[in-house]
Protein chains: 2
Amino acid sequence: MFVSTYEGAIDAKGRVSIPAPFRAALGGSNRVFVWQAPDGSGALEGGGEELMELYRETLAELPLQSPIREAIVTCIIAASADLKIDDTGRVKLPEDLCEAADLSGKIKFSGQMDSFRIWNPERFSLHQMRMRSIVNAPETLDAFATAYNRVRQRRAAAGRGEVG
Amino acid sequence: MFVSTYEGAIDAKGRVSIPAPFRAALGGSNRVFVWQAPDGSGALEGGGEELMELYRETLAELPLQSPIREAIVTCIIAASADLKIDDTGRVKLPEDLCEAADLSGKIKFSGQMDSFRIWNPERFSLHQMRMRSIVNAPETLDAFATAYNRVRQRRAAAGRGEVG
DNA sequence: TTGAGGCCCATGCGTGCCCATGATAGTCCA
DNA sequence: TGGACTATCATGGGCACGCATGGGCCTCAA
């Protein structure tokens, strides 16, 4: 589970330390995949072998000739960098990805549950501010609370007991 | 279940003892997540792995590109501190969260059923006073009583018997 | 020969772990 | 019913390990 936000830095050799909690979330594997987040946020997105396996299964659900499948394969699978984590926990980010996400010097890692993101810090604060204004809208929290209660009730019905 | 309110303090190293009943509510896990309460109350909100798992399921219910999902991921998942409880029951609160919630010295923990909150004591009393005036309004208790009776009747219909 | 990448060692700082101490409440017995 | 004992919990502080980071050397390819 990728949670929280961590600071990091790209060193003179283009190397980046993956935050230790994220390495733990990768399940001890020393392989990471990194690609451009497809939502236009300008960040990079990353995940481990487990996520890639999930993507593989997801793609298998889609018709072989569908444009959706083709687009995902091209923009995520083909566009991913397949990186090896060295024994001090670092990877070398390819230059083209760094340029695409405007990364140099200080960077931010943010957890997204199943994946994580790598940000230019300023872009991240901007994104944060935008998201905060959405969260402040009462209908956002309402919608989340409604979905949350649905999940809880489903759990309770399945006899999985209470939270906490 | 997180119930009741407890006093606490931040020590010189930025550490805070999680009240023992809340630790018990975390189910023996030594991992806590803490983030800014998204309701503008100025408190921090906290929960355990179980709550995060519920949030993960809830997010999975929401469309991948929906602004709600993105906002919650940014403002809760990414904004959370992923804290480890040491064997005396303490965590180190990150400075940015302390600043955001105006915490230093004495603090208050308040139970919220599925999660708990961490308060600046003065803000908490203010909040308490505001809430008390709302509770005093007859329509508040009416609405609560109506919902309560609906739940009781649903239970009775399901043959789950009486309230202890 | 040179530049880039992979691998290894060195270091400083943060924080996680462990010790001890003090306070409080709950229990047991006189 | 009162007092002493004990268990649990909050708190303070020291120490060492883990993590992020910097740099050197070797290898391979252009």
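Every heavy atom of this structure was used, including side-chain atoms; hydrogens, water molecules and symmetry mates were not. Residue numbers begin at 1 in each chain, while the letters A, B, ... track the order of the sequences.
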Near DNA chain C, which residues from residues 85-112 of chain A have a heavy atom under 4.0 Å away?
A/D87, A/T88, A/R90, A/K92

By the 4.0 Å heavy-atom rule, please label B/I10 as base, sugar-phosphate, or nothing.
nothing

Would you classify B/L83 as touching base, sugar-phosphate or nothing, given that sugar-phosphate means primed atoms plus P, OP1 and OP2, and contacts are heavy atoms under 4.0 Å?
nothing

Choosing from [options], which nucleotide comes nearest the side chain of [X]?
X	options	answer
B/A20	D/dA20, C/dG16, D/dA10	D/dA10
A/R23	C/dC17, D/dG24, D/dC19	D/dC19
A/A9	D/dA10, C/dC7, D/dT21	D/dT21
B/S17	D/dA20, D/dT11, D/dG12	D/dT11

After noting the C-alpha distance and the side-chain angles of A/R152 and B/D114, does the key distance pass the side chain to side chain contact (heavy atoms under 4.5 Å, CB included) rule?
CA-CA 10 Å; A/R152 270 204 80 214; B/D114 290 356; 3.3 Å; yes

Is atom CD of A/E49 surrounded by more than 12 heavy atoms (other residues, nucleotides or ligands) closer than 6.0 Å?
yes

Tell me whether the count of non-hydrogen atoms from other residues, nucleotides or ligands lying under 6.0 Å of CD in B/E61 goes above 12.
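Yes - once you tally the heavy atoms of other residues, nucleotides and ligands closer than 6.0 Å, there are more than 12.
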
Atom [atom1] of [X] and atom [atom2] of [N]: how far apart are they, to the nearest Å?
X	N	atom1	atom2	result
B/E7	C/dT24	CD	P	12 Å
B/K84	D/dG18	NZ	C1'	11 Å
B/R15	C/dC19	CZ	C1'	12 Å
B/D82	D/dC19	CG	P	13 Å
B/D11	C/dG22	CG	P	17 Å

Aromatic ring proximity, centroids under 6.0 angstrom, B/F109 and B/Y6
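Aromatic pair excluded; centres sit 6.0 Å or further apart.
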
Measuring only between side-chain heavy atoms, which start at C-beta, is A/M52 closer than 4.5 Å to A/I77?
yes

If you go through the side-chain atoms of B/K13, does one of them form a donor-acceptor pair with the base of C/dG14 closer than 3.5 Å?
no

Please state whether the rings of B/F116 and B/F22 are parallel, tilted or perpendicular, taking 30° and 60° as the class boundaries.
tilted

So, A/R90 and A/T88: side-chain donor and acceptor under 3.5 Å apart, yes or no?
yes

